[in-house]
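Here's the structure, in structure tokens; my notes come after.
Order of the sequence lines sets the chain letters (A, B, ...), proteins ahead of strands, with each chain counted from 1.
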Protein chains: 2
Amino acid sequence: MSKDKKLVEAITSMEDDFTQWYTDVVKKAELMDYSSVKGCMIFKPNGYAIWENIQRELDARFKETGVENVYMPMFIPESLLQKEKDHVEGFAPEVAWVTQGGLETLPERLCVRPTSETLFCDLYKNIVQSYRDLPKVYNQWCSVVRWEKTTRPFLRSSEFLWQEGHTAHATAEEAEERTIQMLNVYADFCEQVLAIPMMKGRKTDKEKFAGAEATYTIEALMHDGKALQSGTSHNFGDGFARAFGIQYTDKENKLQYVHQTSWGMSTRMIGALIMVHGDDSGLVLPPKIAPVQVMVIPIQQQKEGVLDAADELKGRLAERFRVKLDDTEKSPGWKFAEQEMRGIPLRVELGPKDIENGQCVIVRRDTREKTVVSLDEAVNKVAELLEQEQADMLARAKEFQQTHISDALDYESFKDAVVNKPGFIRAMWCGELECELKIKEDTTATSRCMPFEQEMIAETCVCCGRPAKKLVYWGKAY
Amino acid sequence: MSKDKKLVEAITSMEDDFTQWYTDVVKKAELMDYSSVKGCMIFKPNGYAIWENIQRELDARFKETGVENVYMPMFIPESLLQKEKDHVEGFAPEVAWVTQGGLETLPERLCVRPTSETLFCDLYKNIVQSYRDLPKVYNQWCSVVRWEKTTRPFLRSSEFLWQEGHTAHATAEEAEERTIQMLNVYADFCEQVLAIPMMKGRKTDKEKFAGAEATYTIEALMHDGKALQSGTSHNFGDGFARAFGIQYTDKENKLQYVHQTSWGMSTRMIGALIMVHGDDSGLVLPPKIAPVQVMVIPIQQQKEGVLDAADELKGRLAERFRVKLDDTEKSPGWKFAEQEMRGIPLRVELGPKDIENGQCVIVRRDTREKTVVSLDEAVNKVAELLEQEQADMLARAKEFQQTHISDALDYESFKDAVVNKPGFIRAMWCGELECELKIKEDTTATSRCMPFEQEMIAETCVCCGRPAKKLVYWGKAY
């Protein structure tokens with residue numbers, strides 16, 4: 001009983017304190033819990049089930065493009081991590097080191113993988129000899145560790161779950177093509193399944209991955225107007241190949257370096273789902289990713305025939321949807337609040353009067369719209385409503401994104417926008433690191449991406465006034 | 001070309017050198033590779049795909065019994081590991097220790113999980129208050145680390161993949177029921193999907209899990225007559241609950257300790273598949289677990305119409321089975337050898353003459369039996385042959401198991417059996433550790449399990465001659 005009570009107590013309102021609202025939802029929807037290990041989280045069943053669905057959907061899309069899954073060791077010897085200069089500089093300060101194995105001190109420290117470029121390079125060096133061995137398009141699902149000082153559930157933690165794809169190609173063109181292909185796989189997945197529209201573009205040199213020639217990114221806009229980097233795809237050129245000596249003989253029997261890519265998406269997408277779709281009653285999950293799509297809730301379930309009818313309806317729904325029946329002894333009100341907190345897209349209410357009338361009531365989670373429908377038509381109506389809810393959620397998120405982009409043509413309006421117009425700010429940039437650093441220092445906004453569709457909205461850099469080179473999307477970010 | 005050649009070169013024969021044969025199959029079927037990290041392996045696509053199928057099948061069976069998946073941190077603080085005395089004694093000597101995070105030395109060492117009882121206990125302590133919170137039936141899929149001195153692909157490595165289920169119950173009866181239920185889930189899965197029959201029973205105190213009240217095991221017999229412990233299920237009673245203080249208030253509002261279980265199955269089952277079903281041409285996979293069930297191999301594929309017909313047939317088969325078409329430029333002979341090495345259950349050969357006659361040739365991997373069938377009937381015939389192959393593989397494995405069990409009524413015949421009768425040895429035991437240790441020292445055989453169906457095949461212990469208490473299955477083991 002105490003648990004129910006907690007659930008129905010109002011959570012902090014998003015308008016009052018977005019950060020606290022987020023923490024409340026994570027906790028009360030029972031997605032995640034803190035552990036005794038500093039900076040590490042526990043994925044509880046409701047949270048992990050979302051990740052399982054993300055994995056299933058994304059993995060199927062990967063495999064359609066020829067990706068093969070593998071599993072590499074979780075440890076990287078220090079000497080291997082050090083082979084690529086930029087890479088080790090980027091990651092060494094934030095890795096966890098294993099120094100003892102069993103009762104012995106190890107001759108060489110091993111880091112717990114923060115990412116696995118170095119291990120894949122070591123493998124490709126051994127298994128790629130001829131052009132016939134290419135391309136290699138491998139991926140792994142695993143956890144990685146980055147020793148973070150400040151952590152937030154799903155968004156930043158010392159250990160997190162992700163997938164990391166690592167490919168090797170014969171030519172630079174093919175590597176670039178794969179880099180963009182996977183960025184598009186991510187963006188399509190987010191739009192079609194998570195109902196989150198993405199801004200696509202290239203990272204500036206300052207923001208790119210340690211060791212990459214080019215990093216591409218998809219950036220989502222949260223309800224508070226902050227951006228969330230949601231997936232990245234890197235083209236390494238032949239930089240890692242030269243550092244690790246990954247060469248193949250081409251058709252003319254000449255030795256060539258391979259060209260490589262890597263790309264990753266993580267459990268932070270669960271954070272994105274919360275912050276894009278959630279409301280003051282809790283989580284709102286798009287039907288395609290929801291672990292439970294429909295919750296059947298009987299009304300006056302102690303009355304004869306109610307539970308039987310609810311169970312019969314659940315059975316019919318279960319043939320097409322992920323459905324549960326809440327036949328616990330809680331009151332319908334508690335059950336509604338729980339279903340809403342967990343973000344279950346539809347609930348179906350069924351009481352003695354409904355049964356008498358041969359009908360049930362379907363309530364959408366996102367709009368709370370009620371539909372009374374005959375029991376015969378219930379399955380088809382649920383299908384229709386789930387589809388509509390998925391489409392409407394994407395449309396609303398798109399509308400939000402589009403109405404939270406502002407243009408800044410000079411530095412004063414840029415600074416004003418950072419404070420008063422939450423969202424992306426479009427502004428021109430001269431291309432110099434100096435201006436990027438100054439903007440960040442002055443405003444806390446960072447360059448999110450240089451969009452693929454470039455246009456010149458002004459002729460001078462928004463910061464220094466020198467000739468502009470690139471249109472950049474700026475924003476505060478998680 | 002060089003790769004093909006290697007594949008078709010004969011591998012070591014199993015009769016000549018079983019250990020080398022095993023290593024050859026692992027390597028040439030491209031299941032696994034060694035990494036630069038001592039004791040850690042790389043799961044290559046062919047090997048990992050088998051694990052993905054094991055996960056999918058087993059996970060579905062878990063969920064049918066109410067299991068919910070979670071993910072816990074990979075690190076365990078030293079103080080947490082030490083809370084249960086037997087447990088820490090069992091595992092501390094073989095764990096890897098993280099002592100540095102980022103640039104700092106950690107205030108407390110963290111071990112990389114060798115198993116996660118302690119973390120689950122820590123969680124249950126926080127989330128279990130009332131009888132209404134029980135049972136908790138959680139599972140996680142993850143990798144664990146045990147610092148092994150000698151390693152063998154899939155069978156023993158410093159890091160391996162597994163699932164670990166951890167449950168908490170209100171009563172001792174319910175915990176015991178869950179322990180046995182999961183053992184049966186494992187045994188059924190192995191028999192029905194992996195086509196490997198299991199010997200079920202209880203471990204002796206010497207062989208039980210560190211911290212358990214009772215450990216139950218399923219034991220398989222490999223082709224060389226050695227046993228492989230394939231899955232274990234532990235009943236902890238309230239031992240961990242007392243050590244961690246996991247208490248709930250029952251219906252009478254009294255404080256009670258929970259009763260717990262844990263159970264696990266790992267990637268070593270891939271080793272079992274190799275050693276139970278493999279032959280001198282390589283791997284032989286049961287159809288239900290094979291990542292590719294049918295390989296279509298065109299003959300004289302350069303001739304007009306052959307590739308089109310093969311592709312059309314592949315398309316029809318793909319609606320019901322996991323099927324691939326090998327249209328590479330290798331000769332049919334190479335392709336057959338590769339398909340056999342990888343253990344693909346059926347190959348379908350299709351050449352110009354077959355097309356003329358409206359037929360194709362289907363060849364079983366296990367028996368090499370050929371069936372000529374009309375193209376119209378091909379899909380149904382493939383279904384029938386896959387089903388038959390699955391059933392026959394199980395029948396042969398059962399026959400092998402049954403014919404490799406011998407009874408030893410005195411110590412001389414026991415010692416003779418260990419040398420001359422590979423397989424399980426049934427013999428009576430007095431129940432004393434002393435005899436178990438002596439048998440191991442004298443013969444290298446260990447107690448595998450005390451079978452659920454007990455009978456008295458002699459009145460005295462096979463080792464010491466004192467009155468016998470238990471019938472035990474003994475054997476050399478991996």
Side-chain angles (χ1 to χ4, degrees), chain A residues 1-3 33 35-45 47-49 51-52 68-77 79-80 92-104 106 109-110 112 119 122-123 126-127 129-130 132-133 138 140 142-143 145-149 158-159 161, chain B residues 1-3 33 35-45 47-49 51-52 68-77 79-80 92-104 106 109-110 112 119 122-123 126-127 129-130 132-133 138 140 142-143 145-149 158-159 161:
Chain A
M1 268 321 224
S2 66
K3 280 208 173 162
D33 219 331
S35 78
S36 333
V37 190
K38 199 182 151 292
C40 293
M41 312 280 168
I42 293 166
F43 286 77
K44 297 178 81 174
Y48 195 77
W51 182 238
E52 286 183 302
E68 297 184 292
N69 284 340
V70 299
Y71 185 77
M72 304 290 281
M74 70 153 83
F75 299 125
I76 307 174
S79 55
L80 198 61
E94 58 178 41
V95 298
W97 292 102
V98 173
T99 56
Q100 287 168 284
L103 303 171
E104 288 160 25
L106 300 180
R109 300 199 291 181
L110 304 172
V112 182
L119 290 167
D122 198 38
L123 172 64
N126 292 326
I127 65 173
Q129 274 103 38
S130 137
R132 288 191 198 86
D133 301 326
Y138 288 174
Q140 73 176 356
C142 63
S143 78
V145 169
R146 297 176 188 179
W147 217 253
E148 301 282 356
K149 291 226 185 329
S158 292
E159 180 186 6
L161 302 174
Chain B
M1 271 317 225
S2 66
K3 281 204 174 164
D33 219 331
S35 78
S36 331
V37 190
K38 197 180 153 295
C40 293
M41 311 279 167
I42 293 165
F43 287 76
K44 297 178 80 175
Y48 195 77
W51 182 238
E52 287 184 301
E68 296 184 292
N69 284 339
V70 299
Y71 185 78
M72 303 289 281
M74 70 153 84
F75 299 124
I76 307 173
S79 55
L80 198 62
E94 58 178 40
V95 298
W97 293 102
V98 173
T99 56
Q100 288 167 285
L103 303 171
E104 288 160 24
L106 300 180
R109 298 199 292 180
L110 304 172
V112 182
L119 291 168
D122 198 40
L123 172 65
N126 292 326
I127 65 173
Q129 274 103 39
S130 139
R132 288 190 196 84
D133 301 325
Y138 289 175
Q140 72 175 357
C142 63
S143 78
V145 169
R146 297 176 189 180
W147 218 254
E148 300 282 356
K149 290 225 184 332
S158 293
E159 180 187 6
L161 302 174

With chain A as the partner, which of Val70(B), Leu123(B), Leu80(B) has the greatest number of non-hydrogen pairs under 4.5 Å?
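The candidate making the most pairs under 4.5 Å is Val70(B).
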Among Ala92(B), Ala49(B), Gly102(B), Gly47(B), single out the residue with the greatest number of heavy-atom pairs under 4.5 Å to chain A.
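When all of Ala92(B), Ala49(B), Gly102(B), Gly47(B) are compared, Gly102(B) has the most.
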Between [X] and chain B, which part of the residue has a heavy atom less than 4.5 Å away: side chain, backbone, both or neither?
{"X": "Glu148(A)", "answer": "neither"}
{"X": "Asp33(A)", "answer": "side chain"}
{"X": "Glu104(A)", "answer": "side chain"}
{"X": "Glu94(A)", "answer": "backbone"}

Rounded to the nearest 0.5 Å, how far does CE of Met74(A) lie from OG of Ser158(B)?
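Here the interatomic distance stands at 11.0 Å.
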Hey, could you give me the CD1/OG distance between Ile76(B) and Ser35(A), rounded to the nearest 0.5 Å?
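Reported value, rounded in 0.5 Å steps: 10.5 Å.
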So which part of [X] gets closer than 4.5 Å to some heavy atom of chain A, the side chain, the backbone, both or neither?
{"X": "Arg146(B)", "value": "neither"}
{"X": "Asp122(B)", "value": "side chain"}
{"X": "Leu110(B)", "value": "side chain"}
{"X": "Lys149(B)", "value": "side chain"}
{"X": "Trp97(B)", "value": "both"}

Measure the shortest side-chain to side-chain distance between Ile127(B) and Lys44(A) over non-hydrogen atoms and say whether it is less than 4.5 angstrom.
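Ile127(B) reaches Lys44(A) side chain to side chain.
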What residue in Leu161(A), Leu103(A), Leu106(A) has the most heavy-atom pairs under 4.5 Å with chain B?
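Among Leu161(A), Leu103(A), Leu106(A), the one with the most close pairs to chain B is Leu161(A).
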Selection from Gly39(A), Cys40(A), Ser79(A), Pro45(A) maximising heavy-atom pairs under 4.5 Å formed with chain B:
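Of Gly39(A), Cys40(A), Ser79(A), Pro45(A), Pro45(A) has the most heavy-atom pairs under 4.5 Å with chain B.
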Pick out which of Val145(B), Thr99(B), Val112(B) makes a side-chain contact (heavy atoms from CB on, under 4.5 Å) with Val98(A).
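Output: one option passes, namely Val112(B).
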Smallest separation among heavy atoms of Ser36(B) and Pro77(A), with atom names:
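Closest pair (atom of Ser36(B), atom of Pro77(A), distance): O-CG, 4.1 Å.
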Might you point out which heavy atoms bring Phe75(A) and Ala96(B) nearest each other, and give the distance in Å?
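Residues Phe75(A) and Ala96(B), closest heavy atoms: CZ-CB, 4.4 Å.
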Any idea how Tyr71(B) and Tyr48(A) line up, ring-wise: parallel (<30°), tilted (30 to 60°), or perpendicular (>60°)?
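Tyr71(B) and Tyr48(A): parallel rings.
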